[in-house]
Engineer: 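Once you've had a glance at the structure underneath, I'll fire off some questions.
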Protein chains: 2
Amino acid sequence: MMNPLTTNATPDRIMDAAGELFAENGFRQTSIRDICAHANVNIAAVNYHFRDKEGLYEAILQRSFDKCVNCYPIVATDGPPEERLAIFVRMFLLRILGSGQPAWHGKLMAAEMANPTAAFSKLVEQAARPTHNVLLGIVRDLMHTTENTYQVEAVALSIMGQCLFYKHSRPVIELLGIPIPVTQSEIESLAEHITQFSLDGISGVRAVVAHA
Amino acid sequence: MMNPLTTNATPDRIMDAAGELFAENGFRQTSIRDICAHANVNIAAVNYHFRDKEGLYEAILQRSFDKCVNCYPIVATDGPPEERLAIFVRMFLLRILGSGQPAWHGKLMAAEMANPTAAFSKLVEQAARPTHNVLLGIVRDLMHTTENTYQVEAVALSIMGQCLFYKHSRPVIELLGIPIPVTQSEIESLAEHITQFSLDGISGVRAVVAHA
DNA sequence: TCTCGTTACAAACAGGTGTTTAAAACACAT
DNA sequence: ATGTGTTTTAAACACCTGTTTGTAACGAGA
């Protein structure tokens, strides 16, 4: 028999509570006792069902990643590269700034980047590497080249940097009195700006390279 | 009489050791016992000389900030805005990527942004706000406007984002096999790229705004 | 009904944390 | 030398951490 407040199975309730807390406060700042209190579960449950605190973390990272990929897919497509860049930036911003449950993934990734755990390199290969490769492909097409030159890499990082800044530096930005985009339309406005800014930046870099 | 290995006064030795450890591992991950061991000092010394662990942290943040401002000043200057942007980006990157002792400041700031402490808002007003205002002034001139429109703010954040990405996301970038600039000339190459990329991005945004 | 594998529970464990205490050592003016 | 204010020291404090333990409750097959 189960309490109506706790209708899910124990591991699910733990993952739900832990996902929120990890995303909010980071891995190390979140205690097992906190998680279990929020999940209405005994303190030993985490170690029983997930071996470790790290085991729980990896499981959450995995599930959160899967959901995120389903909601906001970032894959190589065809079409004009300008359009593909617009789609890429939009999807990427929705991933990291969106407020729904799958946004955990973005928050967790951001937390990981700032303060990596052991589960980190696994996640980079699974999530960051493919995303980055898609972006490299778009930038190569935009710069009319087929190899990953220094220019291509630098441009790709310039684009990622513009997007992730709003996630990584959120506290400063807010203290400076600048509103962080949260609604769908605010995020899409930002996506348009970054896309336009980057397309123009690329055409400049391309001109310089062609000139050399 | 003093041991030759520990010629400095106790508070200075504590600040030197703690600055390095805080910059490397962050505030919460660094224990007072670690600091005191590295400083060859009794465990109670931190509480005696700095009241708190937080008191020590604030003192270090302050000293580190002062040194940084002296070495890499970022102030409003005159001259063509294109040139001022180049100088700004160069100084900013040196602040956050430079390897000397004053680079503590950049590392500490980055750690603060990812994981703010109570000393944070104080620091934002003192360090981030003026820097941001200088950048806003440059961008306004580049866009031929006198007010901080949404466009101006967005462009400024795009520039900051490109710079800070190399600091905040360092672990991912390295795992992706991309070398992080460390030497003076590598940093200056990156500064040139970001400056050029942003100038072209701005001219595009400016065209769109003028068109509207 | 009895058994057996699984799950839940309260309690305790061992280790680490920031901080405080009271006594000792020191530097220095009188 | 004596007294005074400052600094250093070892020890302990109270608290929090992840993890483990032994026991109890549960659910289903025989």
Side-chain angles (χ1 to χ4, degrees), chain A residues 1-61 108 111-112 115-120, chain B residues 1-61 108 111-112 115-120:
Chain A
M1 162 228 142
M2 276 186 160
N3 175 332
L5 273 170
T6 59
T7 138
N8 294 347
T10 303
D12 277 352
R13 290 218 312 284
I14 292 176
M15 288 181 84
D16 286 340
E20 202 151 3
L21 292 171
F22 281 150
E24 198 62 33
N25 312 319
F27 175 71
R28 293 176 233 257
Q29 321 270 348
T30 305
S31 73
I32 292 190
R33 281 171 175 82
D34 262 18
I35 295 169
C36 293
H38 278 76
N40 267 78
V41 151
N42 189 270
I43 320 173
V46 166
N47 296 92
Y48 179 76
H49 289 282
F50 299 93
R51 200 177 58 99
D52 262 339
K53 189 187 176 186
E54 276 217 340
L56 167 61
Y57 191 62
E58 286 184 30
I60 287 179
L61 238 41
L108 288 170
E112 273 301 316
N115 217 338
T117 67
F120 183 55
Chain B
M1 160 231 140
M2 278 187 159
N3 173 333
L5 273 169
T6 59
T7 137
N8 294 346
T10 303
D12 279 352
R13 289 217 314 283
I14 292 177
M15 289 182 84
D16 286 340
E20 203 149 6
L21 292 171
F22 281 149
E24 198 62 34
N25 311 320
F27 175 72
R28 294 176 233 258
Q29 320 269 352
T30 305
S31 73
I32 292 190
R33 282 171 175 82
D34 262 18
I35 295 169
C36 293
H38 279 75
N40 267 79
V41 151
N42 188 270
I43 321 173
V46 166
N47 296 90
Y48 179 77
H49 288 281
F50 299 93
R51 201 177 59 100
D52 261 340
K53 189 186 175 187
E54 276 217 340
L56 168 60
Y57 191 62
E58 286 184 31
I60 286 179
L61 238 40
L108 289 170
E112 274 300 315
N115 215 340
T117 66
F120 183 56

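Every chain is numbered from 1, with letters handed out A, B, ... down the list of sequences.
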Engineer: Find every protein N or O atom lying less than 3.5 Å from an N or O atom of nucleotides 12-14 of chain C, and list the pairs.
Structural biologist:
none

Engineer: Quick one, which residues of residues 49-59 of chain B touch DNA chain D with a heavy atom under 4.0 Å?
Structural biologist: B/His49
Engineer: Please round to the nearest 0.5 Å and tell me the distance separating atom CG of A/Asp34 and atom CD of A/Glu20.
Structural biologist: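 Between A/Asp34 CG and A/Glu20 CD, I get 12.5 Å after rounding to 0.5 Å.
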Engineer: According to the ring pair (Phe, Tyr, Trp, His ring centres under 6.0 Å) rule, which pairs have a member within residues 30-57 of chain B, sequence neighbours left out?
Structural biologist: B/Phe22-B/Tyr57, B/Phe27-B/Tyr57
Engineer: Which residues pass the side-chain contact (heavy atoms from CB on, under 4.5 Å) test with A/Asn47, sequence neighbours left out?
Structural biologist: A/Ile32
Engineer: Over how many whole Å does the gap from B/Asn40 atom CG to D/dA10 atom P extend?
Structural biologist: 12 Å
Engineer: Dot-bracket for DNA chain C: what is it, with Watson-Crick or G-U pairs under 3.5 Å, [ ] where a pair crosses earlier ones, and | for a pair to another strand?
Structural biologist: |||||||||||||||||||||||||||||.
Engineer: Going from OG1 on B/Thr30 to CG on B/Leu56, what distance comes out if it is rounded to the nearest 0.5 angstrom?
Structural biologist: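 Rounded to the nearest 0.5 Å, the OG1-CG separation comes to 10.0 Å.
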Engineer: Could you check whether B/Ala45 gets within reach of a base, just the sugar-phosphate, or nothing at all, counting any heavy atom under 4.0 Å?
Structural biologist: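 No contact at all - B/Ala45 keeps every heavy atom at 4.0 Å or more from the nucleic acid.
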Engineer: What's the CD1-C1' distance between B/Ile35 and C/dG16, to the nearest Å?
Structural biologist: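 Value for this atom pair: 15 Å.
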Engineer: Can you check the A/Ile32 CD1 to C/dC9 P distance for me, whole Å?
Structural biologist: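 After rounding, the reported distance stands at 16 Å.
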Engineer: Between A/Ala17 and A/Ile35, what is the shortest heavy-atom contact and its length?
Structural biologist: CB-O, 3.9 Å
Engineer: Please examine the side chains of A/Arg28 and B/Gln29, heavy atoms only from C-beta on, and report whether any two atoms are closer than 4.5 Å.
Structural biologist: yes
Engineer: Hey, what do you get for CE (B/Met15) to CG (B/Asp12), rounding to the nearest 0.5 Å?
Structural biologist: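 Between B/Met15 CE and B/Asp12 CG, I get 7.5 Å after rounding to 0.5 Å.
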Engineer: Taking the side chain of B/Tyr48 as its heavy atoms from C-beta onward, which of D/dT7, D/dT9, D/dT19 lies nearest to it?
Structural biologist: D/dT7
Engineer: On DNA chain D, nearest-nucleotide positions of A/Thr30 versus B/Ala44: which is more 5'?
Structural biologist: B/Ala44
Engineer: Within the pair B/Ser31 and C/dG16, is there a side-chain N or O less than 4.0 Å away from OP1 or OP2?
Structural biologist: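 No, because none of the side-chain N or O atoms of B/Ser31 sits under 4.0 Å from OP1 or OP2 of C/dG16.
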Engineer: To check you understand the geometry: which heavy-atom pair defines the closest contact between B/Val46 and B/Cys36, and what is its length?
Structural biologist: CG2-SG, 3.9 Å
Engineer: In whole angstrom, give the distance that lies between atom CG of B/Asn47 and atom C1' of D/dT7.
Structural biologist: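 To the nearest whole Å, that distance equals 14 Å.
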Engineer: Quick one: salt bridge (Lys or Arg N to Asp or Glu O under 4.0 Å) pairs with a partner in residues 44-57 of chain A, sequence neighbours left out?
Structural biologist: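 Listed once each, the pairs would be none.
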Engineer: A/Asn42 side chain: which of C/dT19, C/dC9, D/dT17 is closest?
Structural biologist: C/dC9
Engineer: Can you check the A/Arg13 CZ to C/dT7 P distance for me, whole Å?
Structural biologist: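 Roughly 14 Å, once rounded to whole Å.
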Engineer: Once you round to the nearest 0.5 Å, how far does CZ of B/Arg13 lie from OG1 of B/Thr10?
Structural biologist: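 Between atom CZ of B/Arg13 and atom OG1 of B/Thr10 there are 5.0 Å.
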Engineer: Distance check: side-chain N/O of B/Thr10 vs OP1/OP2 of D/dT8, anything under 4.0 Å?
Structural biologist: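 Yes, because at least one side-chain N or O of B/Thr10 sits under 4.0 Å from OP1 or OP2 of D/dT8.
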Engineer: For B/Ile14 and C/dG18, give me the distance from atom CD1 to atom P, rounded to whole Å.
Structural biologist: 13 Å
Engineer: To the closest 0.5 Å, what do you measure between CG (A/Asp16) and CD1 (A/Ile60)?
Structural biologist: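 It is 8.5 Å, given to the nearest 0.5 Å.
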Engineer: Just the rounded figure in Å: distance from P of C/dG16 to CG of B/Asn25.
Structural biologist: 16 Å
